[in-house]
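One structure is given here, and the rest of the page talks about it.
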Amino acid sequence: MITVKARSTSGPTDPFKPTTVDLRDPRPADVLIDIAYCGVCHTDVTHSRRLRSSTTRYPLVPGHEITGVVSAVGSEVTAFAVGDRVGVGCMVDSCRECEDCRAGLEQYCRVRHVKTYNDLGWDGQPTIGGYCEKVVVDQAYVVRIPETLPMQNAASLLCAGITMYSPLRHWKASAGKRVAIVGYGGLGHLGVAFSVALGAHTTVLEVTEDKKDDALGAGADGYRLTTDPETFTDLAGFFDLIISSVPADLDYDAFLKLLARDGTFVNLGVPKGPIKVEAFSLLAGRRSLAGSLIGGIEETQEMLEFCAEHDVQSQIEMIDADRIDEAFDRVSAGDVRYRFVIDISTLADV
Ligand code: ZN
Ligand code: ZN
């Protein structure tokens, strides 16, 4: 067993405290990673504060946007060597045998994918996230960080980035296509960067003017307010693809009417209640309402190479480990530009 420093919370209202956790000794196919940075995802807040599920296992060490350097490898590891710059995202295992796993779509594994934290591995042991000094992961669920991508910016790409990249690629955002990104936050700002880099005409749909300069500076072609009824008349039938990155309850019928024939609205957020849609909003224009969940390991690697090639970077606010609770409050309030990243070197001794 390897004992390492971490930050954990003991209950929905308990602050994060310095602690130690025990990691498994690397198995033959495992990579031991010295974590440098870990992004703060909205999911970390919902699990830690038990805002949605009742299945949080405490004490909880969250974190699934991990970058670091390989410090040891098992005897069967061929993909990585000590010193390699690597990352770990939202999953650390899956069945590896089903049709989806074999297609590189491990996130849709027919059995289940093993989440990076707040889950149980196939050995029955709880998984431990990246608010921690080190992590042990099977090489098949580790990605390589290209040399030109700064490690602190790459962290947010491993959940927020791939969550946006995968649907943009699947629904073929490209030159000649009109794309809208709903919400310019942690996910949305990366969605705009990807959509612009893919050559699509890109519009941001937001509830506030606050982020307009940032969005246009990032290359967005348009920025329209969803609080303005004229947005919905001016842009009716305009988009081929709309991707919503927000967890809010939307007027889905209003958004579907912004789609051109055969357009798709992809919902990435999880609203509190069921999604309600008038059937005619889909029948008219043969429109689709779809969802998408992160991305596979191969596609995550592809996304990182794409970021290196097109200079797509997450806009981050770096924090030390003592500011996790404050960061959670600010994530809940939507007050971050655009993603918090924890400097793991600031974990204190217990
Ligand atoms: Zn996440
Ligand atoms: Zn599977």
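With a 4.5 Å cut-off on side-chain heavy atoms, Arg287 and Asp262 do not count as touching. By the 4.5 Å heavy-atom criterion applied to side chains, Leu250 and Ser244 are counted as neighbours. Residues Arg339 and Glu65 have side chains in contact (heavy-atom distance under 4.5 Å, counting atoms from C-beta outward). Under the 4.5 Å side-chain criterion, counting only non-hydrogen atoms from C-beta, Cys132 is not in contact with Lys5. In this structure the side chain of Phe239 never reaches within 4.5 angstrom of the side chain of Val179, judged on heavy atoms. With contacts defined as side-chain heavy-atom distances shorter than 4.5 Å, the pair Val341/Val40 does not qualify. A heavy-atom distance below 4.5 Å is found between the side chains of Leu23 and Val4. Residues Leu282 and Leu256 form a side-chain contact, since some pair of their non-hydrogen atoms from C-beta on lies under 4.5 Å apart.
No salt bridge links Arg102 with Glu99; every basic N to acidic carboxylate O contact stays at or beyond 4.0 Å. A salt bridge links Lys134 with Asp34: at least one charged nitrogen is closer than 4.0 Å to a carboxylate oxygen. We find that Arg169 and Glu299 are not joined by a salt bridge, their nearest charged nitrogen and carboxylate oxygen being 4.0 Å or further apart. Using a 4.0 Å cut-off between a side-chain N of Lys or Arg and a carboxylate O of Asp or Glu, Arg337 and Asp214 qualify as a salt bridge. A salt bridge is defined here as a Lys NZ or Arg NE, NH1 or NH2 lying under 4.0 Å from an Asp or Glu carboxylate O, and Asp240 with Arg178 fails to meet this definition. Taking 4.0 Å as the cut-off between side-chain N and carboxylate O, Glu317 and Arg330 count as a salt-bridged pair. Asp251 and Lys257 are not joined by a salt bridge, as no carboxylate oxygen comes within less than 4.0 angstrom of a charged side-chain nitrogen.
With rounding to the nearest 0.5 angstrom, the CE atom of Met91 is 11.5 Å from the NE2 atom of His64. Between Arg85 atom CZ and Thr67 atom OG1 the span is 8.5 Å, to the nearest 0.5 Å. How far CG of Asp228 is from CD of Glu206: 14.0 Å, rounded to the nearest 0.5 Å. One distance of note links CG of Leu187 with CD1 of Ile162; it measures 11.0 Å at 0.5 Å rounding. To the nearest 0.5 angstrom, Lys17 atom NZ is 8.0 Å from Thr9 atom OG1. Annotation: the span from Leu289 atom CG to Leu259 atom CG amounts to 9.5 Å, rounded to 0.5 Å.
Side-chain atoms of Thr346 come within 3.5 Å of backbone atoms of Asp343 as a donor-acceptor pair (strictly under, hydrogens ignored). Side chain of Asn118 to main chain of Arg57: a donor-acceptor pair is present (N/O by atom type, distance under 3.5 Å, no hydrogens or angles). The closest donor-acceptor contact from the side chain of Ser288 to the backbone of Thr264 lies at 3.5 Å or more, if one exists at all. A side-chain donor-acceptor contact under 3.5 Å links Ser245 to the backbone of Val182. Under a 3.5 Å cut-off, the side chain of Gln301 and the backbone N or O of Arg144 do form a donor-acceptor pair. Formation of a donor-acceptor pair under 3.5 Å by the Thr127 side chain with backbone atoms of Lys115 is found in this model. Using a distance-only test at 3.5 Å, with no hydrogens or angles considered, a donor-acceptor pair links the side chain of Thr231 to the main chain of Leu225. Looking at Asp325, its side chain does come within 3.5 Å of a backbone N or O of Phe16 through a donor-acceptor pair. Thr300 places a side-chain N or O within 3.5 Å of a backbone atom of Gly296 that can act as its donor or acceptor partner. A side-chain donor-acceptor contact under 3.5 Å links Gln139 to the backbone of Ala79.
Leu190 is connected to Val331 through a chain of hydrophobic side-chain contacts under 4.5 Å among Ile, Leu, Val, Met, Phe, Trp and Tyr, so both are in one cluster. Placement of Ile33 and Leu158 within a single hydrophobic cluster is found when ILVMFWY residues are connected by side-chain heavy-atom separations under 4.5 Å, directly or transitively. There is a path of hydrophobic side-chain contacts, each under 4.5 Å, that joins Tyr141 to Val31. Taking hydrophobic clusters as Ile, Leu, Val, Met, Phe, Trp and Tyr residues chained together by side-chain heavy-atom distances below 4.5 Å, Leu205 does not share a cluster with Met164. At a threshold of 4.5 Å between side-chain heavy atoms, the hydrophobic network of Ile, Leu, Val, Met, Phe, Trp and Tyr places Ile35 and Ile2 in one connected group.
Checked by atom type, the side-chain pair Asp22/Thr3 shows a donor-acceptor distance below 3.5 Å. When only modelled atom types and interatomic distance are considered, Ser94 and Tyr108 share no side-chain donor-acceptor pair under 3.5 Å. A side-chain donor from one of Ser281 and Asp253 sits under 3.5 Å from a side-chain acceptor of the other. Side-chain polar atoms of Asp210 and Tyr184 form no donor-acceptor pair below 3.5 angstrom. Between the side chains of Tyr165 and Glu302, at least one donor N or O sits under 3.5 Å from an acceptor N or O. Side chains of Asn153 and Ser314: a donor-acceptor N/O pair is absent below 3.5 angstrom, by distance only.
Ring centroid separation for the pair Tyr117 and Tyr131 does not come in under the 6.0 Å cut-off. Centroid-to-centroid, the aromatic rings of Phe340 and Phe328 stay 6.0 Å apart or farther.
What you find for Cys95 and Trp122 is that their closest heavy atoms are N-CZ2, 3.8 Å. In terms of heavy atoms, Leu304 sits closest to Pro146 at O-CG, 3.6 Å. When all heavy atoms of Arg7 and Asp322 are compared, the closest pair comes out as NH1-OD1, 2.9 Å. Taking every heavy atom of both residues into account, Ser156 and Ile316 meet most closely at OG-CG2, 3.7 Å. Taking both residues in full, the closest heavy atoms of Asp119 and His113 are given as OD2-O, 3.6 Å, listed atom of the first, atom of the second, then distance.
Among the candidates Thr163, Ile243, Leu168, Val266, the single residue satisfying the side-chain contact (heavy atoms from CB on, under 4.5 Å) test with Ser292 is Val266. Considering Val142, Asp138, Val77 as possible partners of Asp30, the one that fulfils the side-chain contact (heavy atoms from CB on, under 4.5 Å) test is Asp138.
A parallel orientation is assigned to the rings of Tyr338 and His189, their planes being inclined by less than 30° (bins at 30° and 60°).
The local environment of CD in Glu305 is crowded, with over 12 non-hydrogen atoms from other residues, nucleotides or ligands closer than 6.0 Å. For Asp213, the CG atom is loosely surrounded, since the number of other residues' heavy atoms within 6.0 Å does not exceed 12.
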